[in-house]
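Take a look at the structure below.
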Amino acid sequence: MRGLQVQALERELGFDLLERKNRKFTLTSAGEYFYRKSLVLIADYERLCREAARLSRDDKATLKIGYLRCYSGQEFHLALEEFSEKYSDVLVKVEYGNHEELFELVRDGKHFGRCHHSRKHYGRFSYGDA
């Protein structure tokens, strides 16, 4: 049955996907290319469906960040500005607090992300326990 489906697809495309010898087969170069690109298309299609469903619920992607109230460097604000420009469709919520207050937000599931504030991590966002 699958052999007939592949042959029908090959007729529709106008080129062979498989090279058949005896009872064995291998992908042609066109078949290999078609297969690799189809995996990308399937992943894109699945992402498209998830995003469309999210939009239909009027949800907006949200990034929640805990920020130490006592931190005075500019790196956080620069990274946040850069992120917001690059991902304008993402709503960014920032919570300021001390270590204990921010820990409680993470523990209670109200926060998920954080921004490294050291200079060597400028602009890198991490999520969860990273």
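Pairing each heavy atom of V92 with each of S84, the nearest pair is CG2-OG, 4.1 Å.
Distance check, rounded to the nearest 0.5 Å: CD of E32 to OG1 of T26 gives 10.0 Å. Going from atom CD of Q7 over to atom CG of D16 covers 9.5 Å, rounded to the nearest 0.5 Å. With values rounded to the nearest 0.5 angstrom, L41 atom CG is found 12.5 Å from R36 atom CZ. For the atom pair CG of L9 and CG of L4, the computed distance is 12.5 Å after rounding to the nearest 0.5 Å.
Although no hydrogens or angles enter the test, the distance criterion places no donor-acceptor pair under 3.5 Å between the side chain of E85 and the main chain of E82. When atom types are taken as modelled, the side chain of E10 and the backbone of F15 share no donor-acceptor pair closer than 3.5 angstrom. Side-chain N or O atoms of N22 include none that pairs as donor or acceptor with a backbone N or O of K24 at under 3.5 Å.
Counting non-hydrogen atoms of other residues, nucleotides and ligands closer than 6.0 Å to OH of Y96 gives a total above 12. For H99, the NE2 atom sits in a loose shell: 12 or fewer heavy atoms of surrounding residues, nucleotides or ligands are nearer than 6.0 Å.
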Tell me, with the steps shown, if D44 and R47 meet side-chain contact (heavy atoms from CB on, under 4.5 Å). CA-CA 5 Å; D44 285 347; R47 186 172 38 256; 2.3 Å; yes
One pair to check against side-chain contact (heavy atoms from CB on, under 4.5 Å): L80 and F76. What are the steps and the verdict? CA-CA 6 Å; L80 189 57; F76 175 77; 4.0 Å; yes
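Side-chain contact between L18 and T28 is absent, with no heavy-atom pair separated by less than 4.5 Å. The shortest distance between side-chain heavy atoms of Q74 and E81 does not fall below 4.5 Å. No side-chain heavy atom of E95 sits less than 4.5 Å from a side-chain heavy atom of E101. Between V6 and R11 the shortest side-chain heavy-atom distance does not fall below 4.5 Å. Side-chain contact between F34 and L13: present, with at least one pair of heavy atoms (C-beta onward) separated by less than 4.5 Å. Under the 4.5 Å side-chain criterion, counting only non-hydrogen atoms from C-beta, N98 is not in contact with C70.
Residue L63 is grouped with residue Y87 when hydrophobic side chains (ILVMFWY) are merged at heavy-atom distances under 4.5 angstrom, including chains of intermediate members. Hydrophobic clustering, with ILVMFWY side chains joined whenever heavy atoms are under 4.5 angstrom apart, keeps F103 apart from Y67. A single hydrophobic cluster is not seen to contain both V94 and L91; linkage of ILVMFWY side chains at heavy-atom distances under 4.5 Å, directly or through other members, places them apart.
Salt bridge annotation for E19-K21: present, with a cationic side-chain nitrogen under 4.0 angstrom from a carboxylate oxygen.
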